[in-house]
Amino acid sequence: MVPLLPGAEPFRHDGGEIGVLVCHGFTGSPQSVRPWADHLAARGLTVVAPLLPGHGTRWQDLAVTGWQDWYAEVDRELGRLSRTCERVFVCGLSMGGALALRLAAQRGAAISGVAVVNPANRIHDPLAVALPVLRHLVPSVKGIVSDIAKPGAQESGYERMPLHAVHSMRRFYRVVDAELPQVTQPLLVMHSPQDHVVPPADSERILSQVSSRDVTERLLERSYHVATLDHDAEFIFEETDTFITRLTAGMGEDTTRTGLGKGSGKEGAAASG
């Protein structure tokens, strides 16, 4: 068996009746979201951060998986949380954000809220249109890990991206985009104006297409793409904690019926740490 990359092992913490599923991104691993998961676990929540199929070992293993495999894994974990927790929230970074949004669209009332960081909605490279053919000619391209502003911070992930998997991811984004109007849960979107992997346009697209009426947007002014390991990490953790606490304390549970307007929580907020 191929050994796991440092920190790539899945994370699970058994806490109280509030559960949180945390999804990592494409070519990454739970290492990139582990501090996020640790923070929520320290608050007494039940937290799971699974390792997506094909991730955490070598890029060749990712080449033989697709979006159906990645989504099936987080869907299984959501099912397990739903059986043991009274309320369940889903969180995600980058492609993990897209996974979280599809879970929300598909699972409806089983999810009490969604929190995403730099969620991906499409592949913007003009060469993406050639992926159906190019993936058969070029096995892999340079990776996207460690887009982080904080000196010394590193993401544990692949240095190469297999184009078969990139092609599948592109198809997945189209599926998620079409389902965004089915997302009705309270939504927290945190994104970086300076992101060299996923541009702010993806968050803007998501915010414009979801049907959620309880929406909060936060800006991560000091971080790049992997903001959960960057300067704004603590800000992300506290915002997520506040979001979940509000929704589980009876404040906002009926916002979709009482008319809390979409955008009422939008305050472009620069993090101070």
Are [X] and [Y] packed together at the side-chain level, in the sense that at least one heavy-atom pair is separated by less than 4.5 angstrom?
X    : Y    : answer
L247 : D214 : yes
I111 : L78  : yes
Q68  : F172 : no
L40  : F89  : no
S211 : Q182 : no
L52  : L99  : yes
E204 : S208 : no
F11  : D38  : yes

Please lay out, stage by stage, how R205 and D177 fare under the test salt bridge (Lys or Arg N to Asp or Glu O under 4.0 Å).
-> CA-CA 9 Å; R205 170 72 179 177; D177 187 70; 2.8 Å; yes
Any donor-acceptor pair under 3.5 Å linking the side chain of [X] with the backbone of [Y]?
X    : Y    : answer
Q209 : L180 : no
T46  : G15  : yes
N121 : D202 : no
R160 : W59  : no
D230 : I148 : no
H55  : T27  : yes
S146 : Q154 : no
Q185 : G108 : yes
Y158 : T57  : yes
D147 : H196 : yes

Provide the closest heavy-atom pair for [X] versus [Y] in the form atom of the first, atom of the second, distance.
X    : Y    : answer
P119 : V198 : O-CG1, 3.4 Å
P30  : P50  : CG-O, 3.5 Å
V117 : A227 : CG1-CB, 3.9 Å
W70  : A165 : CH2-O, 3.6 Å
V33  : C23  : CG1-O, 4.1 Å
V166 : M161 : CG2-CB, 4.0 Å

Quick check for you: to the nearest 0.5 Å, what is the distance between [X] atom [atom1] and [Y] atom [atom2]?
X    : Y    : atom1 : atom2 : result
F237 : D232 : CZ    : CG    : 10.5 Å
D75  : R80  : CG    : CZ    : 10.5 Å
S168 : L131 : OG    : CG    : 11.0 Å
E17  : T248 : CD    : OG1   : 11.5 Å
L103 : E77  : CG    : CD    : 11.0 Å
S192 : I236 : OG    : CD1   : 7.0 Å

Could you walk me through whether F235 and M190 pass the side-chain contact (heavy atoms from CB on, under 4.5 Å) check?
-> CA-CA 10 Å; F235 178 73; M190 298 169 279; 5.5 Å; no
Does any donor atom in the side chain of H191 or E217 lie under 3.5 Å from an acceptor atom in the other side chain?
-> yes
Decide whether R87 and S112 meet the rule of one side-chain donor and one side-chain acceptor closer than 3.5 Å.
-> yes
Counterpart residues, side chain to side chain donor-acceptor pair (under 3.5 Å), relative to Q106 (two or more places apart) = E179
Cation-pi check, R102 onto Y71 ring (under 6.0 Å, within 45° of axis) | yes
side-chain contact (heavy atoms from CB on, under 4.5 Å) partner of V47, the single match among L21, D14, V22, I18 = V22
Result block: side-chain N/O donor-acceptor pairs under 3.5 angstrom for residues 91-98, not counting sequence neighbours:
unit_1: S94; atom_1: OG; unit_2: H225; atom_2: NE2; d: 2.9

Hydrophobic cluster membership, V129 vs V138, 4.5 Å side-chain cutoff | no
